[in-house]
Amino acid sequence: MSFLSLGLSLIFVLIPLILSKTLNLGLGKDTFIATIRSIIQLIAVGYVLTFVFESGSYLFIILMVALMIGAATHNAQKKGASIKGIVWKLIFTFIFIEILTQSILLGFQITPPTAQYIIPISGMVVGNSMVLSILFLNRFTAEIQTQKKETELLLSLGGTPKQAIHLPLIHSIKASLIPTIESQKTIGLVQLPGMMSGQIIAGADPIQAVQFQLLILFLLLTTAAVTSIMLGFLSYPTLFNERMQMLKIKKDEEE
């Protein structure tokens with residue numbers, strides 16, 4: 001793609017700007033900022049990846065993955081600010097997911113141990129894990145608020161924190177997994193996934209592209225399940241004190 005073609009693609013940014021202005025949606029500024037940021041960030045990442053790929057150093061690969069985890073943690077922790085130690089819980093979850101997936105990929109020689117494979121796949125894994133974390137935390141805090149009286153009743157009847165929080169926790173885990181599972185049901189029928197489309201556009205054999213895409217789909221399914229379950233079981237104990245009483249979360253304090 002030439003720079004002229006890339007410049008012409010800004011038409012797709014101009015359309016929502018015009019619609020926002022015409023309908024007074026108030027999204028023009030955010031759309032403009034998002035566009036500028038995406039351009040700057042992706043160009044910068046492009047140069048960084050070029051350097052990392054050429055160097056072949058595992059130190060730079062680790063630093064890139066650490067940067068991804070740091071950015072994902074910063075973004076996801078906002079939804080779980082009411083949960084004590086959520087930052088470290090997110091970091092631990094992201095690191096665990098990264099180690100688990102790369103151990104399987106590299107251990108069974110599914111993908112080569114090179115930056116060209118490790119960094120893009122790590123980006124998909126950490127990015128998906130971040131989205132699942134946000135979905136889980138958003139639903140979990142809402143479930144806690146909605147079922148607070150039921151939870152406290154179970155505690156007053158002698159139930160343990162694990163028993164009292166069981167239903168909100170399970171509902172939140174299931175709700176966060178639904179988008180991933182449902183999207184895989186219609187994959188290839190409703191949409192052609194990003195990796196597959198990119199490889200086909202680049203001239204790869206469609207069957208080869210499908211094989212890589214299936215690898216990513218299976219990978220993201222594990223990522224989704226492990227992220228939601230691990231984060232859930234790391235988070236719920238911090239909602240109770242040593243006397244097994246439920247602590248107030250941020251929304252309660254604001255009220």
Side-chain angles (χ1 to χ4, degrees), residues 1-14 16-17 27 29-79 87 90-103 105-106 110-135 180 183 191-204 208-209 212-213 215-217 219-220 222-224 227:
M1 178 181 289
S2 66
F3 283 105
L4 175 60
S5 298
L6 182 60
L8 290 173
S9 68
L10 289 173
I11 293 172
F12 296 114
V13 177
L14 185 61
L17 286 174
L27 298 175
K29 182 179 179 181
D30 287 338
T31 302
F32 179 77
I33 292 174
T35 301
I36 297 300
R37 285 188 59 176
S38 64
I39 292 172
I40 295 174
Q41 289 169 185
L42 286 175
I43 290 176
V45 168
Y47 281 109
V48 171
L49 289 178
T50 299
F51 171 76
V52 173
F53 289 170
E54 291 177 351
S55 70
S57 172
Y58 284 103
L59 174 61
F60 291 128
I61 295 175
I62 293 172
L63 289 175
M64 281 294 296
V65 174
L67 179 62
M68 294 174 186
I69 291 175
T73 301
H74 175 73
N75 193 39
Q77 61 91 22
K78 300 172 186 176
K79 291 294 182 182
V87 171
L90 286 166
I91 291 175
F92 181 78
T93 300
F94 294 152
I95 291 176
F96 180 84
I97 287 293
E98 174 66 13
I99 293 175
L100 173 65
T101 54
Q102 290 297 338
S103 295
L105 290 173
L106 301 180
I110 299 173
T111 57
T114 62
Q116 182 182 355
Y117 286 88
I118 294 175
I119 293 177
I121 292 176
S122 295
M124 296 178 198
V125 168
V126 175
N128 189 67
S129 186
M130 177 193 72
V131 172
L132 265 294
S133 297
I134 292 173
L135 288 175
T180 300
S183 66
Q191 64 171 337
L192 294 180
M195 170 172 276
M196 179 178 168
S197 299
Q199 287 191 315
I200 291 174
I201 291 173
Q208 184 72 25
F212 272 102
Q213 187 59 61
L215 165 63
I216 298 303
L217 289 179
L219 187 66
L220 295 186
T222 287
T223 299
T227 296

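Between atom NZ of residue Lys29 and atom CG of residue Leu17 there is a gap of 14.0 Å, rounded to the nearest 0.5 Å. Rounding to the nearest 0.5 Å gives a distance of 6.5 Å between CD1 of Ile62 and CG of Leu59. For the atom pair CD1 (Ile61) and CZ (Phe53), the distance works out to 8.5 Å, reported to the nearest 0.5 Å. Here the CD1 atom belonging to Ile39 is positioned 13.0 Å from the CZ atom belonging to Arg37, to the nearest 0.5 angstrom. Rounding to the nearest 0.5 angstrom, the gap separating the OG atom in Ser122 from the OH atom in Tyr117 is 14.0 Å. To the nearest 0.5 Å, atoms CG (Leu14) and OG1 (Thr31) are separated by 11.5 Å.
Environment of CZ in Phe32: sparse, with no more than 12 heavy atoms of neighbouring residues, nucleotides or ligands closer than 6.0 Å.
Between Ile118 and Pro113, the shortest heavy-atom contact is CD1-C, 3.9 Å. When every heavy atom of Ala224 is checked against every heavy atom of Asn128, the shortest pair comes out as N-ND2, 4.0 Å. Taking each heavy atom of Gln77 and Val87 in turn, the nearest pair found is CB-CG2, 4.1 Å. Here the shortest heavy-atom pairing between Ala115 and Val52 reads CB-CG1, 4.1 Å. Minimum heavy-atom separation, Pro112 to Leu106: O-CD2, 3.8 Å.
Side-chain atoms of Pro16 and Leu27, non-hydrogen and from C-beta on, never get closer than 4.5 Å to each other. Looking at Ile121 and Leu219, their side chains come closer than 4.5 Å, going by heavy atoms from C-beta outward. Met124 has its side chain within reach of Ile216: a pair of non-hydrogen atoms, C-beta onward, lies under 4.5 Å apart. At a threshold of 4.5 Å between non-hydrogen side-chain atoms, the residues Lys78 and Ile134 do not count as touching.
A donor-acceptor pair is defined here as one N or O able to donate and one able to accept, closer than 3.5 Å; such a pair exists between the side chain of Thr50 and the backbone of Gly46. In this structure, Ser183 contributes its side chain and Thr180 its backbone to a donor-acceptor pair below 3.5 Å. Side-chain atoms of Ser38 come within 3.5 Å of backbone N or O of Thr35 as a donor-acceptor pair.
In this structure, a donor-acceptor pair under 3.5 Å is present between the side chains of Thr227 and Ser129.
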Does the pair Ile110 and Leu215 meet the rule for a side chain to side chain contact (heavy atoms under 4.5 Å, CB included), with working shown?
CA-CA 9 Å; Ile110 299 173; Leu215 165 63; 3.9 Å; yes
Checking side chain to side chain contact (heavy atoms under 4.5 Å, CB included) for the pair Met68/Phe94: CA distance, chi angles, key distance, verdict?
CA-CA 10 Å; Met68 294 174 186; Phe94 294 152; over 6 Å; no
Determine whether Met64 and Leu49 satisfy the following criterion, side chain to side chain contact (heavy atoms under 4.5 Å, CB included), listing intermediate values before the conclusion.
CA-CA 9 Å; Met64 281 294 296; Leu49 289 178; 3.7 Å; yes
Set out, in order, the CA-CA distance, both residues' side-chain angles and the distance that settles side chain to side chain contact (heavy atoms under 4.5 Å, CB included) for Gln102 and Leu105, then state yes or no.
CA-CA 5 Å; Gln102 290 297 338; Leu105 290 173; 4.3 Å; yes
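Every residue two or more places apart in sequence or in another chain was checked for a ring pair (Phe, Tyr, Trp, His ring centres under 6.0 Å) with Phe212, and none qualifies. Here Phe96 pairs with nothing under the ring pair (Phe, Tyr, Trp, His ring centres under 6.0 Å) rule; sequence neighbours left out. Evaluation of the side-chain hydrogen bond (donor to acceptor under 3.5 Å, both in side chains) rule for Glu54 yields no partner, not counting sequence neighbours.
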